[in-house]
Amino acid sequence: MSTVIKGGTIVTADLTYKADIKVEGGKIVEIGPNLSGTETLDASGCYVMPGGIDPHTHLEMPFMGTYSSDDFESGTRAALAGGTTMVVDFALPSPGQSLLEALTMWDNKSTRANCDYSFHMAITWWSEQVFNEMETIVKDKGINTFKHFMAYKGALMVDDDEMFSSFQRCAALGALPLVHAENGDVVAQLQAKLLADGNNGPEAHAYSRPAEVEGEATNRAIMIADMAGCPVYIVHTSCEQAHEAIRRARAKGMRVFGEPLIQHLTLDESEYFNKDWDHAARRVMSPPFRNKLHQDSLWAGLASGSLQVVATDHCAFTTAQKRFGVGDFTKIPNGTGGLEDRMPMLWTNGVATGRITMNEFVAVTSTNIAKILNIYPKKGAILVGADADLVVWDPKRSKTISAKTQQSAIDYNVFEGKTVTGLPRFTLTRGVVAIEEATVKTQEGHGEFVRRDPFPAVSTALSTWKEVTAPRAVQRTGIPASGV
Ligand code: URP
Ligand code: ZN
Ligand code: ZN
Ligand code: ZN
């Protein structure tokens, strides 16, 4: 049984050309003119692109006294409906919990996934046990990324001591550290002051997390990575101050990656001043939405290559959950959805407006992150032998985004009412059609875990626990040599 995607224009991160694609056993087996197979999918008038990879989701995550409301089933169904064929979620040990135990919890949840997935492992505390388990996570479990929260004081936050130790361990293991870069101590003080002054509404969330808080932490994370001799990936880069730090580090030769979210690119801070409390609270996330100048900076970064990836940080809470924060904005669960809308919103606001090219669209939604995560060309490529994770993209198909028709399990959509032009005609996950225009054919449990091998480690010096506390010489030979 084979499927041929016929009559479309293939768009990759480098090339645009007309050819058919033949798929068999979940892989691309042939690319060329006039192919035939058992089944044919009509791609005429469409662009055929690598399926999107969203490297930043929080599905069914315990957070701020509740659980995010999209699980691996509804979340990956939403992903496929929008042309995304792989997600990378965060396994989150609570401080004191074993990394391996947390990973088992995430393994159990992910059995329901409709598309392929992988995990980043969060470092939320530091000990000899964590140090040792990191090696097992990389070598046995196929996870080459570790996430560090510089914010959420008293919960997930790690301090500089812990971060420097963990970064050095990453360097030794050939792993890439990821950072949520906001100064959690400053945020906590600003929150307390705002509340004491009687500012308890959702707009105070934005005041408590100014761009300087993010710029400072981004700089600090980059400098610490430089001293540890590892590359670093800054998640949800939302402002010029953070982008500037990333640009400067890259110009010096460091491997630093920045990930704007589709929400920050297309929604601004005025959302928090909406008189409807629910409207504003539904958009509370960290970092908060910024003004147009920051948005312009992010778009410029995508076009110039100083920012490499567009993600969602999909972390969806219902209105009822958001209302935990009535009277105290610090209790509004932080997070917004976006999995279904990332690709159509980026196409509509990026490609259709001329801000980025089609090839750059493929790079920032799929290929760049596949290289950064060391899963290219299995994912993120249209090449013989690659997984047939593909989207047949109809640039003329249009819809108005609405919670009434979305796949996500929550009762609203932060992009409600926005019209997008450019949507999947077909989404294929390892060769299986999961979406055919508005018809959802996803199969619960079809998704498989994608193993990600470590990069060649830059140092073997940190193989024992006692050595990790000793600072090392600054070096810039980091990993990965992804070419991104
Ligand atoms: O507000 C956000 N971003 N919620 C999800 C957790 C995180 O910080 O990424
Ligand atoms: Zn975060
Ligand atoms: Zn509203
Ligand atoms: Zn996140």
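Remember, it's 1-based here, ligands and their atoms both numbered in the order they're listed.
- Distance CG/N132 to CZ/R169: 6.5 Å, rounded to 0.5 Å.
- Ion pairing between a basic and an acidic side chain is recognised when a charged N comes within 4.0 Å of a carboxylate O; D341 and K418 show no such pairing.
- Of all heavy-atom pairs spanning I123 and W126, the tightest one is CG2-CE3, 4.1 Å.
- With hydrogens left out, the protein atom closest to atom 7 (C) of ligand 1 is Y152 OH, 3.5 Å, a heavy atom.
- Remark: minimum distance from atom 4 (N) of ligand 1 to any protein heavy atom is reached at N334 O, 3.0 Å.
- Ring centroid separation for the pair F63 and Y152 comes in under the 6.0 Å cut-off.
- With ligand atoms numbered from 1 in the order given, ligand 1 contributes 1 (O), 3 (N) to contacts under 4.0 Å with heavy atoms of M285.
- Distances from atom 9 (O) of ligand 1 to the heavy atoms of L261, L92, D313 put D313 nearest.
- Within H180, the N/O/S atom positioned nearest the Zn ion (ligand 2) carries the name ND1.
- Ligand 1 places these atoms under 4.0 Å from at least one heavy atom of H236: 8 (O), 9 (O).
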Stepwise ring pair (Phe, Tyr, Trp, His ring centres under 6.0 Å) check, H56 with H236: CA-CA 9 Å; H56 191 156; H236 48 46; 5.5 Å; yes

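- Looking at D313, its N, O or S atom nearest to the Zn ion (ligand 4) turns out to be OD1.
- If you put the vertex on the Zn ion (ligand 4), NE2 of H58 and NE2 of H56 sit 110° apart, to the nearest 10°.
- Below 4.0 Å from some heavy atom of C315 lie the following atoms of ligand 1, by number and element: 5 (C).
- Between Y233 and F257, the ring-plane angle classifies as tilted under the 30° and 60° cut-offs.
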